[in-house]
Amino acid sequence: MLIYVIRRLLVAIPTIALLVVASFLMMHLAPGGPFTSERPLPPEVLANIEAQYGLDQPLWKQLWDYFYNIVVHFDFGPSFVQKDRTVNDIIAQGFPISLTYGSLAFLAATIIGVVLGIAAAIRHNSWVDYFAVSIGIAAQALPNFIMGPILILTFTLWLGVLPGGGWNGGQWEYLVLPVIALSTSYMGSIARITRSSMLEVMNSNFIRTARAKGLPARAIIWRHAMKPTLLPVISYLGPVFVYVLTGSVFVDLYFSTGGLGQSFVSSALTRDYAVLLGVTILYGTLTVLVNLATDLAYAWFDPKIRY
Amino acid sequence: MTILSVKDLRVGFETQDGRFEAVKGVSFDIRAGECLGIVGESGSGKSQSFMAAMGLLPPNGSASGSVTLAGKEILNLPVGKLNRVRGADVGMIFQDPLTALTPHLKVGEQMAEVLKVHRGLSGAQARKLCLDWLERVRIPEAARRMKQYPHELSGGMRQRVMIAQAMLCEPKLLIADEPTTALDVTVQAEVLDLMDELKRELGTAIALITHDMGVVARMCDRIKVMRLGAFVEEGEVHDIFAAPQHDYTRRLLDAMPRIDKGESGGHIEGEEILRVEDMKVHFPIKVEGGLFGKTVPLKAVNGVTFGLKAGETLGIVGESGCGKSTLARAVLRLIDPSDGSVSWLGKPLHAMDKKALKAEREDLQIVFQDPLASLDPRMTIADSIAEPLKTYRPGLTKSERREEVLKMMERVGLEAEKYNRYPHELSGGQNQRVGIARAMINRPKLIICDEAVSALDVSIQAQIVALLKELQAEFGMSMLFISHDLSVVREISNRIMVLYLGRIVELADAETVCSAPRHPYTRSLISAVPIPDPAAERARTRIRLPGELPSPLDAKAALRFLPSKLAAGETDYVPQLEEVAPGHFVAEHDDLDRIMAEDAA
Amino acid sequence: MFGKSEKAAELAADISDFNAVRGRSLLRDAMGRFLRNKAAMASVVLLSLVVLFVIFGPLFAQYSNEEIDWTRMGDIRGMGAPSLETGHYFGLDELGRDLYARVIQATRTSLLVGLIGAGMALLVGTAWGVIAGFYGGRLDSVMMRVVDILLAIPLTLILILILVVAGRSFVALFVALGAVSWLTMARIVRGQTLTLKTREFIEAARAGGVSESAIIFRHILPNLIGVVIVYASLLVPEMILAESFISFLGLGISEPMTSLGRLIAEGAGTMNYGTLWQLAFPLFFYVTIIITMFFIGDGLRDALDPKDR
């Protein structure tokens, strides 16, 4: 098990390295840059700035320095646009916020989605089933960037019960709307996946055996059907966790929460490649780790998988 | 005393094409301490009757009539009341032991929950009882097995766990639905012995649902023959086997090949067309160890040498994992052999390039086990049959090709009107005829039948075997007939080769192998094959080898029949084939007594 | 004359020779199941109406999607509401442009995005997956490693990166969507190909001397159709969602062209001013397309793979 984890991490290193190189080259080879603007800077000023950020060096040297600084100093370099701030600063400020409401949204989507899906499957073809399926489809069809304004309109402008934006150190009133807006569509898909998975499991031979043993319905569902039902859900949860973190872009825009998504979009618009690159690498690494966690969770649910 | 009484039971299913009646009013009684056999082919409704009785029908099924257990009505009871009966008064075991056990619960946990719901036992008491029962069904190292997951056990052991679990509350009735169909023949024999023992010692009544007349002959006191949802014949087992009244029963009995009598292919003289020399197929298998794991070779086929004469049929038998199917594919080079040579009509098949190989394949064909899986589901059967024609006789016009296909279809017994049908519209037997037609259309010199009749019902099986024999008489091709079913192999083969873990243990004329086997493994195999004749079957003594069929990865397994070499520390020793009589080859082995003694040690 | 032609002879033989019953192919079976699926059929009808609207709607438009109605732009809330009289059936947007024309254009964009994204996935993903799965070995591991690396970057990030690097345009948008959509398809197709490869009918074809390319085209691809169609149909709403998200961030298509995501963003931004129609119309078309595509995708899956629920 430990050996497996080490092996996976070792394999992940070249993957992440390739990711860094590919994103680095793509951004540096693209036309235009952070310092090209409508009002061209005098050439000597531009040269000065470029020298300051090391952009006058040959590309391979820049790449090498970038790599070296990350590996040795864990330093992603200075921001090109925001003066006096490093990429590390920007990430350190935004990421905890994204992570907080992202994790809450992830938990909410998973718990409510799984409960809905199971309820629908157990009461297959009853009103519970139809209700859960309709909610699932509606939640999936209404993307999170539509949920945002609808929620603000209802809870802030009409009812006036919750603040429409801000972070305020993560007080709960400020968390409710972002978490709801972010979680609904994933909750819908999780409910649908859970439902169809459970229906299939309930048809399998070992459930027939459990029924033939005279076990009560409760025991059949919880002890026998639950783990196999959740297997496909788990493989979906890995990507969802990453989506919830990156999908936070709109939450930051709408609710002014100040998470990492805001930095990403603004740096995309201002071509602040240093920040873009840093965030991409962070998310890429996170994805690799989440995939590993998913595979480990799989092993816990399915004893046939041993690492 | 009657335990279970079924009166006018009807079972129906709602399908898209309307209601389908699977069981059309059957009545029967099961008495304490007897074994009642319900015999029928697929689709006869034999399983569905019992599923309905126990409330285990799928949601689209419904049942009417009456089922009483010890005088109390149980049909269509609410689940809560039914749960007091299921698992306590009636135990059930099913065909496929792998999928019938919950994969993520340990064996001990699954068993203990039966005691918890029905007896209120838990903890050490429950564990003790479970352990007792595991030992009683003769599971080796029972204490360790309790903590294992189902997938860590062999098929035979899983079925024993199922039996132990079903017997925990000492039910009055045990319903066994095709309990041994998925098991190897020696394992089947052991499981059947075990069930018989339970019946005699505890007086448990057994309802045995099966398609196999041999199993019935060994086990049952009374039988009911079921067809299309109704009983066609019922009575004492000896009476029915001695004098079957109904036509269908007679046909069923006639269709069963027997290992102890009946015709077998005789000796045949001819020119040798295929020579396989020291064939080895090793697959790399990843196992744990080291940072990146390591690979060890799985020796699926490990040095097999044989020849095949023109017009001859060589039967290849062995239990699962013996490498018989791998051998067939390696001969045809559908898998590349790791070592060894194949000489086909004097040409080295193993060294040919793709083009040369393609030219030879016109004469080398194969028929597979699963008739549906071996046909492309998106092609009409005519297209499937015509495919080899397109490759090897591209000059044919469309109508000439159709002529050929129609001629071959008629030859294998398919009506011309099926020309444009798709595989999913035909029955298993018909699809297998399509597979044979495809293999035969270019008149090959060799056909390999890989378990070609194993997935079919007995009566269909007999028809296909007869068809293959006819075709061989007409076209004179040679056959390699691979099967786990010795009785069928005996009927069709001239010679039989017995494989054990990738090696030949015995090779001789079909009759010799079946009536005078020399190698202990062959002897135990033959003695385990059930004979569809209760008198003969019950008079036989079985040779039980110690232990279960070992894994091919186990290095010591190869020397299972030479414990003397193992004891001498020669673990790398390779048993040699010896010609004990002209044409009768047997692998080196110790005396049977010496091997049996290993168990005690 | 007639009798001499070989083709005619064959044709004649086809008709007169014998009457073989026409079999029901798997696809025809699936078609039947799909036609019986009420939710899916209703969705097909509804979606067709949307498509017809996009095609024929412009004929009834009184204004183009860029011209500004100067007479009414001063008081959008009062005079810009949907009305048959003014010819602004769906009202005006915040800048005084005709929302009817803009919604039609936006719906067309969204539908195109969905189709092209799914189409790219279909072509590239299937080819990639079949080649990797069928030939296996080192080629397979290299090809799948590429997919894994690309999948490690979240979809929206790739989209944003490509659009930032290549600039905002229709072509860049389609390239960006195409670049991400095929990844999962390639994985699914590869998995299916791997299982198909071990099926006995493929072995039978190889034993029958059928060449590798013929095996791919005659046996593998036709048997992949079901999976590929189902997945492609599920990809359509996913692509539309992704594009809307990008447009919503202001990175999608540039003005005066627009897409549903952008219109919804604008409508959402102004809804406290009492101009709810600016949100309602684009949202209606958007939700209709997404929901109908869900049901159609589900229906196709039920029809093509009846075991799977």
Side-chain angles (χ1 to χ4, degrees), chain B residues 16 328-329 332-335 354-355 357-362 364-384 387-392 397-400 402-403 406 409 415-426 435 438-439 441-442 444 448 450, chain C residues 5-30 32-33 35-37 137 195-226 302-306 309:
Chain B
Q16 280 188 339
R329 283 166 172 75
L332 291 188
R333 275 197 55 196
L334 292 171
I335 302 173
K354 266 188 185 170
K355 224 175 123 193
L357 191 63
K358 185 180 163 180
E360 293 305 325
R361 278 193 172 151
E362 185 173 359
L364 301 162
Q365 286 297 320
I366 180 164
V367 178
F368 295 95
Q369 169 168 15
D370 183 345
L372 194 60
S374 62
L375 298 173
D376 188 331
R378 297 199 184 270
M379 278 192 177
T380 60
I381 61 165
D383 282 343
S384 283
E387 191 164 41
L389 276 184
K390 284 185 192 157
T391 314
Y392 291 108
T397 66
K398 229 171 127 190
S399 56
E400 281 170 337
R402 202 182 55 195
E403 251 348 274
L406 281 170
M409 280 174 68
E415 300 93 335
E417 66 96 16
K418 299 235 157 47
Y419 190 84
N420 276 325
R421 292 280 188 181
Y422 287 87
H424 66 108
E425 300 177 290
L426 305 186
R438 174 177 57 188
I441 191 125
N442 280 328
I448 296 185
D450 183 9
Chain C
S5 149
E6 221 172 84
K7 201 145 186 130
E10 251 177 47
L11 223 67
D14 262 348
I15 303 161
S16 58
D17 213 23
F18 69 97
N19 282 322
V21 176
R22 267 220 87 61
R24 291 172 304 134
S25 76
L26 286 180
L27 260 132
R28 248 181 57 191
D29 267 9
R33 275 192 293 270
L35 291 175
R36 276 197 301 270
N37 185 334
T195 44
L196 274 179
K197 210 170 79 170
T198 60
R199 287 276 294 276
E200 288 179 343
F201 69 87
I202 301 289
E203 266 195 313
R206 280 170 57 203
V210 181
S211 70
E212 304 226 314
S213 59
I215 288 180
I216 291 183
F217 285 103
R218 206 183 295 159
H219 295 289
I220 303 249
L221 284 180
N223 279 290
L224 283 171
I225 284 178
D302 289 349
L304 288 162
D305 190 4
R309 203 175 311 271

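So you know, we letter chains A, B, ... as the sequences are listed, proteins then strands, and number each from 1.
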**OP:** Flag the one option from B/Arg329, B/Glu360, B/Lys358 with the top tally of heavy-atom pairs under 4.5 Å to chain C.
**Re:** B/Arg329
Subject >> Most chain C-contacting option - heavy-atom pairs closer than 4.5 Å, from B/Arg361, B/Arg378, B/Gln365 >> reply: B/Arg378
Subject >> Min side-chain heavy-atom separation B/Ile366-C/Glu203 under 4.5 Å >> reply: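 Result no, sub-4.5 Å side-chain heavy-atom pair not found.
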Original post:
Would you say C/Arg199's side chain and B/Asp376's backbone share a donor-acceptor pair under 3.5 angstrom?
Top reply: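 Side chain of C/Arg199 to backbone of B/Asp376, a donor-acceptor pair under 3.5 Å: no, none is there.
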**OP:** Indicate the atoms forming the closest heavy-atom contact of B/Pro377 with C/Phe201, along with that distance.
**Re:**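 Heavy-atom minimum between the residues: CD-CE2, 3.7 Å.
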Original post:
How far apart are the closest heavy atoms of B/Ser374 and C/Ala204, and which atoms are they?
Top reply: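 Shortest heavy-atom contact: O-CB, 4.1 Å.
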Original post:
Non-hydrogen atoms of chain C under 4.5 Å away: do they reach the side chain of B/Asp370, the backbone, both or neither?
Top reply: both
**OP:** Give, as side chain, backbone, both or neither, the part of B/Leu364 having an atom under 4.5 angstrom from any heavy atom of chain C.
**Re:** backbone
Original post:
Which region of C/Arg218, side chain (C-beta onward) or backbone (N, CA, C, O), has a non-hydrogen atom less than 4.5 Å from a non-hydrogen atom of chain B, or is it both or neither?
Top reply: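 Looking at C/Arg218, backbone and side chain both touch chain B.
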